[in-house]
Amino acid sequence: MKVVGARIPRYDGIAHVTGRTMYVDDVRIPGTLWVKALRSPHHHAGISKLDTRPAEELQGVHAVVTWQDVPHLVYGHLEALGIPADEPLLAKDEVRYKGQPIALVAAESEELAAEAVSRIEIELEERPALLDVRQAFDADAPEIHQWGNWYPHFEGEMDRRQIRKGSIEWAFESADTIVQGVYRPAAIEHAPVETQVCQVVPEPSGRLTIYSCTQALYFSMGVVAAHLQVPLNKLKVIGGTTGGGFGGKVDTATETMCCLLAMKSGKPVKWRWTREEEFLCSSTRAPWHMEIADAVTKDGWILGRKMLTLHDAGAYARFSPYGLTKHSFHHTGAYTIPNLEFDGYVVFTNRVPTTAMRGFGVTSVSFATETHMSRIAKVLDLDPIEIRLKNANRVGDTSPNGVVYTDPSTVSTIQAIAEATGRELPASYRTMTSEQREGEWLPEHLVAQLGNPEDH
Amino acid sequence: MNVTVNGVAHEIESAPLTPLLDVLREEFGITGPKAGCHQGGCGACTVLVDGEPRRSCLLPAAYADGGEITTVEGLGTPEELAPVQQAFVHHYAAQCGFCTSGMMLAAHAYVVGGGTDDTEAIQKALGGHVCRCTGYAKIIEAVAAAARGDSFDLSETAVGRYTTMTTGGAE
């Protein structure tokens, strides 16, 4: 390996240690206006009145924008991939999460912008909120989304991400024991030290220069262009310097709204979220609800897995259908289980929309599957390392979605863990490799799932 | 009110209760100190006031009146890095870099104050400085190296106009 373990020069080290790296908040454009947002104070409410005139009349306020100023109000983060849109850039008739932006002000100082926001007249009718995915399917659950309480637009207009493999009936009939577990990792705020920040400059040429802290520059460019209904050549996006993101700067949070204010005021604008806004309104890693039931034999083979996942999307879909799909492909973890019945739902709640964070959709399921492996070992009174090696992915095994593994590393990883923790393994486990299964490692129930690695 | 920042005299025009961080960044345009939380929680805004590390977001400008302030820009230059700066580059202790400005000044104050390479002492000195990239192990390694007075050949770890790189990363 050329890179792993080698000392590789990095291009930005010296700039970082001398304070010369230019983050978005460090860009200095004379005459810049400051942006503040009117945000929903409720988890769920109807908007019955919105009058921004008192804010516009304030001396030093140069632009106020609402949903009426957005050329294409509802655009989905994955619309280009065929996932339909559900989220307005600025709330129109209703708000679905606490902190959802409703109107924005650009003024000559941050304090003035905040003062103008406080003068906007708004009337809200609070509605019942749905905050727990487990209640979304109840008959009396509040209806919170135009598509129903869960995402209905997977391929073939299915309302879930479904995986069926082998014969789950055979697995559960043949099992010695069923081992069940429920796993519920909580939401996590990315909390980068650099909060969301954006600077937009309207150029005399008619183009907009966008200084962005995004983790996904070309992606954000497409989202901005779609909302504004302008060709990409009207946007010059300067990015690539991010003060921490961890997934929280994948969603396009500020760029489009700053563009609208820059266009309306004709002046450069800057929006820098406070730490409080970052915690209250920025996207988080999703909370997940995962239920697993495994059909196992007393000697530690996993014959089959039934799994139900409820993925909390928060108020809008954004990337959640994609995250759940990744989750479903990894729902057996690093192990081979030939008979599967997986149902995953993207559930809407009145929480902030959730997004990627360090292994989007997969970290949650890794937590569940690894904890469950240890639980199986405990129930069967078997060694947790040995049970992992026994079921580990090997060359020629197939993933839940039918990918044939050509270079899996589970065996060597688990053996390294055993060595690092001083655990003595029996010879048959110590000498095991990732090569194609045979002999005692190829029981009858794993024959049919085998694929040909040469084909991949 | 008057302050010296990195050896240059400045008159402060902002109101006396303006946070020093805002004076530095918005009035003087010195952007090394970062605004991470504006409430003393993250340490990214740390500067030295008369040699002592201070959270500039919580410090009223009036408090710094007559003081000597050092920001990361004044610690060393790209041409001539301070020992802690060299150590951070050599040990890859900066990831996204946003917390690094504050880390540098806390680390510098620790080292020039006679700090040793003892891990617990370094953790205490840098306690409260948040690195959300979670690169703490490398940061502690770097501070320990600077405290020991290690010397560094940065041609291995840094690339740019200020290094004497002779070989590139790729073949």
Side-chain angles (χ1 to χ4, degrees), chain A residues 2-3 5-30 32 34 108-111 188-197 199 211 213 215 240-249 270 272-279 282 357-358, chain B residues 25-26 29-39 41-44 71-79 81-82 84-90 92-104 130-134 142 154-163 165 167-171:
Chain A
K2 270 197 220 170
V3 173
R7 295 186 68 79
I8 300 299
R10 58 178 293 176
Y11 70 92
D12 53 2
I14 287 178
H16 283 348
V17 302
T18 54
R20 264 69 167 178
T21 302
M22 176 100 50
Y23 299 89
V24 173
D25 193 25
D26 301 334
V27 174
R28 288 292 178 271
I29 309 286
T32 291
W34 288 87
E108 287 169 14
S109 72
E110 240 175 335
E111 296 73 19
I188 300 175
E189 164 57 39
H190 309 80
V193 181
E194 176 200 53
T195 58
Q196 291 284 358
V197 58
Q199 164 102 49
Y211 295 89
C213 68
Q215 287 177 252
T241 305
T242 302
F246 323 117
K249 286 172 183 161
K270 174 160 145 179
R272 182 180 67 193
W273 289 17
T274 63
R275 180 56 54 190
E276 186 182 2
E277 277 180 299
E278 190 75 25
F279 275 111
S282 76
M357 186 178 184
R358 292 191 158 181
Chain B
R25 289 185 57 88
E26 309 304 336
I30 297 167
T31 56
K34 302 300 179 205
C37 67
H38 257 125
Q39 53 195 7
C42 73
T71 71
V72 67
E73 289 96 333
L75 207 52
T77 61
E79 299 87 340
L81 298 172
V84 284
Q85 291 173 314
Q86 293 179 37
F88 266 58
V89 173
H90 182 80
Y92 304 99
Q95 286 190 50
C96 85
F98 205 80
C99 72
T100 307
S101 301
M103 292 277 186
M104 294 310 337
V130 176
C131 165
R132 280 293 283 170
C133 305
T134 64
L154 297 188
S155 63
E156 228 183 6
T157 48
V159 58
R161 53 190 275 231
Y162 300 114
T163 60
M165 286 294 300
T167 53
E171 284 171 15

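Just so we're on the same page: letters track the sequence lines, and every chain starts at 1.
Note on B:Ala35, B:Gly29, B:Gly41, B:Cys37: by heavy-atom pairs under 4.5 Å with chain A, the leading option is B:Cys37. For chain B, the option among A:Pro192, A:Ala191, A:Gly245 with the highest count of heavy-atom pairs below 4.5 Å is A:Ala191. Contact tally against chain B (heavy-atom pairs below 4.5 Å) for A:Asp25, A:Thr21, A:Thr242, A:Thr195: the top residue is A:Asp25. Ranked by heavy-atom pairs shorter than 4.5 Å toward chain B, the options A:Gly13, A:Gly243, A:Ala6 are led by A:Gly243. Contacts with chain B were tallied for A:Thr18, A:Thr241, A:Thr274; A:Thr18 has the most, counting heavy-atom pairs under 4.5 Å.
When each of A:Glu194, A:Glu278, A:Glu277, A:Glu110 is checked for a salt bridge (charged side-chain N to carboxylate O under 4.0 Å, His left out) with A:Arg272, only A:Glu110 meets the rule.
Under the 4.5 Å side-chain criterion, counting only non-hydrogen atoms from C-beta, A:Ile29 is not in contact with A:Lys270. Side-chain contact between B:His90 and B:Leu154 is present, with at least one heavy-atom pair separated by less than 4.5 Å. Two residues are said to be in side-chain contact when any heavy atoms from C-beta on lie closer than 4.5 Å; B:Gln85 and A:His16 fail this criterion. Between B:Val84 and B:Met103 there is no side-chain heavy-atom pair separated by less than 4.5 Å.
With a threshold of 4.5 angstrom between heavy atoms, B:Gln86 does not approach chain A through any atom at all. At a 4.5 Å heavy-atom cutoff, the contact between A:Arg20 and chain B is made by side-chain atoms alone. The parts of B:Ala94 that come within reach of chain A are both its backbone and its side chain, each placing non-hydrogen atoms under 4.5 angstrom from that chain. Residue B:Leu81 touches chain A through its side chain alone, counting heavy-atom pairs closer than 4.5 Å.
No hydrogens or angles considered: nothing links the side chains of A:Gln196 and A:Ser282 as a donor-acceptor pair under 3.5 Å.
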### Task
Assess whether side-chain hydrogen bond (donor to acceptor under 3.5 Å, both in side chains) is satisfied between B:Thr71 and B:Glu73, documenting all intermediate values.
CA-CA 5 Å; B:Thr71 71; B:Glu73 289 96 333; 2.6 Å; yes
